[in-house]
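For reference, the structure is listed below as structure tokens.
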Amino acid sequence: MGAPLCIAKTGSGDHEREIIADWGDVSLATNTRNAPDQIIEALKQEALQGALQPNLDRLHQLFKDCSDVVGHQFAPNKEIRCCMLFIDGLVQKDLIARDIIAPMLQTNVSSDVRQLLEEITPMGDAKVITTMGDVVLQVLSGDAVLLVDGATEAISYGVRHWEARSVSEPSTETVIRGPHEGFVETLRFNTVLIRRKIRSPKLKMVHRTIGTLTQTSVVVSYIEGVATPGVVQEVLDRLERIELDSIDGILESGYIEELIEDSSFSPFPQAQYTERPDVVAANLLEGRVAILVDGTPFVLIVPAVFAQFMQASEDYYIRFMMSSAIRALRYVFLFVALLLPSLYVAIVTFHQEMLPTNLLLSVAASREGVPFPAFVEAMMMEITFEILRESGIRLPKTIGQAVSIVGALVIGESAVRAGLVSAPLVIVVSVTGISSFAIPRYNAAIAIRMLRFPLIFLAGFLGLFGIVAGLCGILIHLCSLRSFGVPYLTPLAPLNWQVLRDVFIRAPHWWRRQRPRLVGQLNPIRSGKDLKPSPPPWRAP
Amino acid sequence: MKRYIRLLSLLLLLLPLTGCWDRVEVNDVAIVDVVGIDKAPNGLLLTVSIVVPELAAPGKGDGAGSKGEGATVIFSAEGETVMDASMQIQERLSRQLFWAHARALVLGEEYARAGVRSALDFWSRHREPRLRMKVAVTPGSAREFVQAKPALEHLLSEAIRETINQRLQTDVTVKEFLGWLRSETEEAFAPRVTTVRRSKGQDALISGTALFRDDRLIGWLSDQQTRGLLWLRGEIRTSVATIPIPAGGSVSVKLIRSRTQIKPEFQNGKLKRIRAIVAVEDDVYESSAPIDLGKVEIVQTIQGMLAKEIKERITLTVETLQKQFGVDVVEFGDAVYRAAPRLWEAGLKRRWADEFRQVPVEVEVTARVKRTGELAAPLGIEEQRVKKSPKEMLQRKE
């Protein structure tokens, strides 16, 4: 059905040249401003012509060499010709044929497009558009645009339909208990997944388009009356800043994250990302703001504080005692992942008196004959571990296994046998590695993993003194860090006992009645007083 | 931004400038295990045993360094001071002497009799050695003792430490010892340590106590007397008393907990007497006597016999300390000071050495036997032969 636009009739040569001249001017002008081109913005100034042919000529010019754009011309009656414009593969063609073209062919169509839309082809997701820019934008977004001869307006029908990955379990955040659905690459699906969890008109989804070339849809979602208006406004303002300063494309939410975060030069993530709708819903209920980006299953959540990165969604689904114990253990892992190798280096090279005698003897015995100082040894092994980890991610799963076998055998066993490294260090490195994987959020875990290198360096030169200095530096940085105005270490600094119930432990839901201060202070109480269950007063017979 | 990067790189350059000035790898230190000090013609003879890590590391004890053959190398040197002697040893070593893990200090008898203050200054001033090190005195040569190769443990220090930790004998650390040397009224003591020959190697044997006046060794307490000292100091942890029963057989009781109180009593501004009140709680662990331990009266009688037994042990020690040596290692002086600080400062303190010899010490022991076990009488004794009253029990077997 339909024919590529290129075989539609072209206009006179004069007109064509004129358009080319226009075109050239626009692009030249944008280039001299040293900003990415603003084609759509420029075209939005251009009104549609009253006749079909000039419009088609213009579109033909714009979509030159775009073989996926289809212009299907047809004539409902002798006077009026129409053209249905869409991108092949992005629309449901049978829907166009059945619900738009067929009714039009059966009735007497005039050039009044509003009447046409309301009486002949009513459709939920359809609207009247008036500029060339809108036509181009809608077509590129996957809508079908109907141009009618003699009308200065066109109709855009929402008949988008394309092949997309179906909703499946997110591979980066698996759970034993909890929903197994994850976000996908299609924005609309993602908003649906959230909407299905929070059925309230207070759940808002503000739409923005960012990227001069990609025209990526971005949705800012929050719950009105729970999220602090200042934070929502700040998010919208920062997004607008990207829009105004124009970037050519947004391909993943990571672009947005980097462009809106408070402090660029910080190893710590200031926005949480997740693939799980339940995580987004829970954060929205706490008063945070979610940013959904078309084309990626990863949704950003701001503001993010450090404690958030130690929480896994499953914590809230399993019994609170277990999740409290596991969460407390995670903080132990956090310090192990950050400090263990540097402590080893510091103690073995500077503070031998700090080890129990028997432990010192076995460390000393295993270090006999090792050719490197402990600092070099630790650096070497840590870097090797990072290599193994990195290559394991990139490789296909089947080869990844081979790499881990080689890593475990060659690096662990052989290096010790060959006397290149000492056995305790291999244990230290592997415990550190495993501990870093126990931090639930990958972006926080990788920050911790990278920070241990400067700490090893400090330990190698200054011993425990260096480690303490490094930790002080990290602490000072964490204290000064903000995410959308919220101090990064809340509720530890500033201290808030109410919210601490969800930091080192996970208090039961009936005890965790308040939203985190500073993100949910607008409406701090989340549940009633008498939620705690108890046995009934009667006895079972 | 650029300014910060420059500043940061300058700060980073500072790190290598330190040049790791006090960096010592673990495989470049000579870990001292046991330290022995003997008398030498001019000064002292320092003996150190230095651990060979490969031989001593747990789990690596296969081959040459197994138990009973030693995992240490012995070095001795004479010097005016410990530091002087240690430098002489250092000259002969490829590794740096490392004192932080030395766990036992053994003083030779001859050296201890001449006064130990000069050597102990090393432990109070040097940065590495720990004050938690155990102190012991050996009759004879410390050098010979340090050379012992323990049969049960990898290291001699481990053997000494673990034996002391059994708490059957006195347990003295360098810190306590230094404290006593500093005190004007309290006197120092240390466990007496010897070696016993095993089928392979030798083990440390702690038995008896070395008594000091000021910093000089003046004599020894026997094994029995040391137990009394432990009772008096409230440091006893393990004690088994076997009480012979006149009707035949005996009952063995084991100490569960005990509490010792030293209560000085005063009259007319003078120290009248010192009461040592010991309350012990024991359980019966073994009984071969034909008695019914289920009867309250029988248990009460046993309690009385136990109290008498303990009292005898303690009294023996008090008498030895007062009459033979006249050194207050029980810290009676401390108790007097706490009870009457003004009197103490007014004059008691000055004449404490004499006062300690003269003051009557009353030992009061109350014993309770709480649990007697599942059986009332030993198995295999006919019912009619089991004695059911104290009177029967105390009748001598005909």
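For the numbers below, each heavy atom of this structure counts, side chains included, while hydrogens, waters and symmetry mates do not. Letters A, B, ... are given to chains in the order of the sequence lines, protein chains preceding strands, and every chain is numbered from 1.
- Annotation for B:Glu162: atom CD counts as buried by contact number, over 12 foreign heavy atoms lying within 6.0 Å.
- To the nearest 0.5 Å, atom CD of residue B:Glu54 and atom OG of residue A:Ser366 are 9.5 Å apart.
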Stepwise side-chain contact (heavy atoms from CB on, under 4.5 Å) test for A:Leu361 and B:His101: CA-CA 10 Å; A:Leu361 289 179; B:His101 283 279; over 6 Å; no
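- Atom CZ of A:Phe375 is separated from atom CD of B:Glu25 by 11.0 Å, given to the nearest 0.5 angstrom.
- Ion pairing of A:Glu368 with B:Arg95 is present here, as a side-chain N (NZ or NE/NH1/NH2) and a carboxylate O approach within less than 4.0 Å.
- Taking every heavy atom of both residues into account, B:Arg130 and A:Met354 meet most closely at NH2-N, 4.2 Å.
- A 4.5 Å side-chain heavy-atom check between B:Val24 and A:Thr349 finds every atom pair outside the cut-off.
- Interface residue A:Pro356: only backbone heavy atoms are found under 4.5 Å from chain B.
- Of the two parts of B:Glu128, neither the backbone nor the side chain holds a non-hydrogen atom closer than 4.5 Å to a non-hydrogen atom of chain A.
- No more than 12 heavy atoms of other residues, nucleotides or ligands sit less than 6.0 Å from atom CZ of B:Arg3.
- Between the CG atom in B:Leu8 and the CZ atom in A:Phe265 there is a gap of 11.5 Å [rounded to 0.5 Å].
- A side-chain donor-acceptor contact under 3.5 Å links B:Asn27 to the backbone of A:Arg367.
- Most heavy-atom pairs under 4.5 Å with chain B, from the set A:Val348, A:Leu355, A:Val363: that is A:Val348.
- Across A:Glu353 and B:Ala100, no two heavy atoms sit closer than the pair CB-CB, 3.2 Å.
- No more than 12 heavy atoms of other residues, nucleotides or ligands lie within 6.0 Å of CD in A:Glu258, so this atom counts as exposed by the packing criterion.
- For the atom pair CG of A:Asn358 and CG of B:Leu155, the computed distance is 7.0 Å after rounding to the nearest 0.5 Å.
- Closest non-hydrogen pair, A:Gln352 versus B:Phe98, comes out as CB-CZ, 3.4 Å.
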